[in-house]
Structure formats: C-alpha cells, structure tokens
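Beneath this line is the structure, given in structure tokens, with notes to follow.
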Amino acid sequence: MTSDLFADEEQNRTWRDELCPDAVVLRHFAVAEQTAILAAIRDISDAAPFRHMLTPGGYSMSVAMTNCGAHGWVTDRLGYRYATLDPQSGKPWPPMPAVFRALARDAAASAGFEDFEPDACLINRYAPGARLSLHQDKNERDFAAPIVSVSLGIPAVFLFGGLQRRDKPLRVPLTHGDVVVWGGAARLRYHGVLPLKEGVHPLLGGQRINLTFRKAG
DNA sequence: AAGTTTCC
DNA sequence: CGAA
C-alpha cells in the first residue's frame with residue numbers, strides 16, 4: 001500500500017485503522033485518465049442506455065444504471081443478480097474498456113489487493129436527490145476479490161457501515177477522481193450513498209457517475 | 001428493501 | 001435531521 005496516494009491523513013487513519021485494514025480511499029486516483037474514461041462511458045451508454053431498475057419490492061431505483069463487462073448487475077421483481085445479457089436489449093453488455101480494467105487493477109493493487117480481475121463494471125448515474133440505501137454486495141460468486149468504486153462528477157457522501165446493518169456508518173465525502181477499495185475482512189461491509197446534493201462539475205455537469213468493479217463470475 | 005413513510 |  002502506497003501512503004503517498006492519500007491526501008487527507010486524518011481520514012486515511014480512519015480507513016487504515018486496525019478495525020478496518022482492508023478498506024482504502026485513493027484521492028483523485030482517476031483524474032489522469034478522465035478523458036478516456038468519460039469517452040468510454042459515453043460509448044457504453046450509447047449501446048446499453050442508463051435505466052432505472054426496479055427493486056424486488058417493485059420500487060424504481062433513483063440511481064440510473066448500466067453495465068459493461070461479461071457480467072452485469074441487474075434487479076427486477078425477481079431479485080438481485082448478475083446477467084450476461086442486458087435484459088433491455090437481449091445482447092451482451094458492452095465489453096469492459098482496457099482503460100477501465102487498468103484503472104481497477106491499479107487501484108486494487110495500490111490498496112494491497114494484487115491481481116484483481118474484474119469481470120463486471122456497474123455504472124451508476126446519480127442526479128440530485130438520487131441515493132443508494134445501505135446494503136451489502138453479496139450477489140458475487142465468491143468474496144475473495146475486492147470491490148473498486150470510482151467517483152466522477154459532483155461530490156457525494158459515501159456511507160461505510162459495518163458487517164451488521166445496525167452498525168453506524170462512517171460518512172466519507174467523495175469527489176471527482178476518488179477511488180474506494182474494500183475487500184478481505186471488509187468485503188461484506190454495508191455501504192450506501194446519501195441523497196446527492198445539487199452541484200456542477202466542469203466536465204460532467206450536474207450529475208455524479210460511479211463505476212463499481214467486481215469479480216462476479 | 002440497492003426503497004418509502006412516519007414519527008420525535 | 002435520524003431512527004423505526
């Protein structure tokens with residue numbers, strides 16, 4: 001783990017604490033590749049448009065989602081799962097761009113998780129007011145691989161909870177280019193995103209986009 | 001419940 | 001606003 005990647009040592013201590021050795025925030029990690037990343041997101045969403053999926057309870061999610069890679073996370077009345085085909089088109093999800101894979105692997109390695117091989121990238125688009133309530137990522141086949149989460153656009157507050165829903169979450173402000181990595185003992189920690197506040201980003205306008213890399217299959 | 005509403 |  002390379003400590004010079006951390007801009008805010010006060011907050012880093014929270015994440016690298018003995019209670020949470022397997023979760024890291026990499027500040028402004030993705031900024032150098034932002035042009036290529038944003039172009040790739042545009043290409044992906046042309047082929048597999050963002051959509052508001054339904055929860056098993058029948059509610060529409062406030063976050064608009066699409067995927068790239070071999071496996072895509074989907075939800076509908078039947079439940080949460082990964083699908084190799086986009087339910088909306090019947091076609092495979094767009095392939096994961098090389099710049100995505102490289103970013104995810106580099107971030108994972110910087111956090112101490114070598115040889116991460118993501119086969120799923122969920123792309124979440126937040127408009128003001130959009131949120132993600134506290135949940136665990138547990139639809140993956142095994143939990144050996146970490147999660148890599150890339151923030152782009154206007155700021156959000158990430159909630160990082162414990163292994164039980166009742167554990168009070170940490171509140172971690174995330175801005176454009178921040179990358180959160182968690183795995184190992186932290187792999188199943190609850191997490192979420194507070195309702196997005198209004199804002200403007202020079203490249204992304206009034207929205208936030210998050211890339212979440214996982215090994216699903 | 002990867003959501004919503006209600007209550008204090 | 002957070003908790004139920």
Side-chain angles (χ1 to χ4, degrees), chain A residues 14 20 22-23 25 41 44-45 48-88 93 96 100 104 118-143 145-174 178-183 186-199 207-217:
Chain A
T14 304
C20 189
D22 294 323
V25 182
I41 292 169
I44 291 162
S45 61
F50 287 102
R51 79 291 305 263
H52 295 271
M53 299 183 190
L54 293 181
T55 67
Y59 292 97
S60 179
M61 297 185 71
S62 58
V63 177
M65 300 175 161
T66 186
N67 291 277
C68 66
H71 302 270
W73 188 85
V74 297
T75 176
D76 58 23
R77 289 174 193 81
L78 301 177
Y80 309 134
R81 63 193 178 279
Y82 282 91
T84 56
L85 304 180
D86 177 352
Q88 198 161 284
W93 299 102
M96 188 181 299
F100 277 29
D119 59 15
C121 175
L122 174 63
I123 306 174
N124 288 339
R125 187 184 66 192
Y126 295 72
R131 75 184 74 97
L132 215 49
S133 62
L134 216 56
H135 67 278
Q136 292 173 300
D137 290 9
K138 55 181 182 182
N139 299 118
E140 297 73 27
R141 187 179 301 281
D142 74 76
F143 304 132
I147 311 275
V148 174
S149 171
V150 178
S151 293
L152 299 166
I154 64 177
V157 177
F158 183 63
L159 301 172
F160 194 66
L163 295 176
Q164 303 195 279
R165 186 178 286 277
R166 65 172 177 270
D167 299 333
K168 183 182 177 181
L170 300 173
R171 291 179 174 218
V172 184
L174 295 179
D178 290 348
V179 180
V180 186
V181 182
W182 68 100
R187 176 61 180 73
L188 287 172
R189 286 179 71 145
Y190 279 87
H191 56 282
V193 178
L194 286 182
L196 201 74
K197 292 182 181 174
E198 298 268 1
Q207 64 176 347
R208 170 175 189 262
I209 288 181
N210 179 76
L211 311 176
T212 307
F213 295 92
R214 307 183 181 93
K215 180 169 169 49

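Letters A, B, ... are given to chains in the order of the sequence lines, protein chains preceding strands, and every chain is numbered from 1.
Applying the side-chain contact (heavy atoms from CB on, under 4.5 Å) criterion to Ala70(A), with sequence neighbours excluded, gives no partner residue. For Asp22(A), the side-chain contact (heavy atoms from CB on, under 4.5 Å) partners at least two apart in sequence or on another chain are Phe113(A), Ala185(A), Ala186(A). Residues satisfying the salt bridge (Lys or Arg N to Asp or Glu O under 4.0 Å) criterion with Arg131(A), sequence neighbours excluded, are absent altogether. In this structure, the side-chain contact (heavy atoms from CB on, under 4.5 Å) partners of Leu174(A), at least two apart in sequence or on a different chain, are Val25(A), Arg27(A), Ser151(A), Phe158(A), Val172(A), Asp178(A), Val180(A), Arg208(A). For Thr55(A), the side chain to side chain donor-acceptor pair (under 3.5 Å) criterion is met by no residue, not counting sequence neighbours. Residues satisfying the side-chain contact (heavy atoms from CB on, under 4.5 Å) criterion with Tyr190(A), sequence neighbours excluded, are Leu134(A), Gln136(A), Arg165(A). Remark: His135(A) pairs with His191(A) by the ring-ring contact (aromatic ring centres under 6.0 Å, His included) rule, at least two apart or across chains.
Counting non-hydrogen atoms under 4.0 angstrom, Arg214(A) reaches a base of the nucleic acid. Among the heavy atoms of the strands, none lies under 4.0 Å from Asp76(A). Backbone-only contact: Arg165(A) has heavy atoms under 4.0 Å from sugar-phosphate atoms and none from a base. Here Thr75(A) lies out of heavy-atom contact (under 4.0 Å) with every strand.
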Sub-3.5 Å pairs of nitrogen or oxygen atoms, protein against nucleotides 4-7 of chain B:
| residue | atom | partner | partner atom | Å |
| --- | --- | --- | --- | --- |
| dT4(B) | OP2 | Arg131(A) | NH1 | 2.9 |

Expected rows: protein N/O vs nucleotides 2-4 of chain C N/O, under 3.5 Å:
| residue | atom | partner | partner atom | Å |
| --- | --- | --- | --- | --- |
| dG2(C) | OP1 | Arg171(A) | NH1 | 3.2 |
| dG2(C) | OP1 | Arg171(A) | NH2 | 2.3 |

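Looking at heavy atoms from C-beta onward, Met53(A) lies in side-chain contact with Val74(A) at the 4.5 angstrom threshold.
In this structure, Tyr190(A) atom OH and dA1(B) atom P are separated by 8 Å, rounded to whole Å. Atom CZ in Arg189(A) sits roughly 18 Å away from atom P in dA2(B) (whole-Å rounding). For the pair Gln136(A) CD and dA1(B) P, the computed distance is 10 Å after rounding to whole Å. One can place CD1 of Ile147(A) at 13 Å from C1' of dA2(B), the figure rounded to the nearest angstrom. Computed from coordinates, the Arg81(A) CZ to dA1(B) P distance equals 16 Å when rounded to whole Å. Residue Leu122(A) contributes atom CG, which lies 14 Å from atom P of dA2(B) at whole-angstrom precision. One interatomic measurement links the two molecules: NE2 of His191(A) to P of dA2(B), which rounds to 10 Å at whole-angstrom precision.
Annotation: salt bridge (Lys or Arg N to Asp or Glu O under 4.0 Å) contacts involving residues 65-75 of chain A, sequence neighbours excluded, are absent. For residues 65-85 of chain A, the set of pairs meeting the side-chain hydrogen bond (donor to acceptor under 3.5 Å, both in side chains) definition, not counting sequence neighbours, comprises Trp73(A)-Asn139(A), Asp76(A)-Arg81(A), Tyr82(A)-Glu140(A), Tyr82(A)-Arg214(A).
In this structure, Asp119(A) does not pair ionically with Arg141(A), as no charged nitrogen and carboxylate oxygen lie closer than 4.0 Å.
For Arg125(A) and Phe50(A), the positive end sits near the middle of the six-membered ring, less than 6.0 Å away and at most 45° from its axis.
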Would you write the dot-bracket representation of DNA chain B, where each base gets (, ), [, ], | or . depending on whether it forms a Watson-Crick or G-U pair under 3.5 Å and with which partner? ....|||.

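As rounded to the nearest Å, dC8(B) and dT4(B) have P atoms that lie 23 Å from one another.
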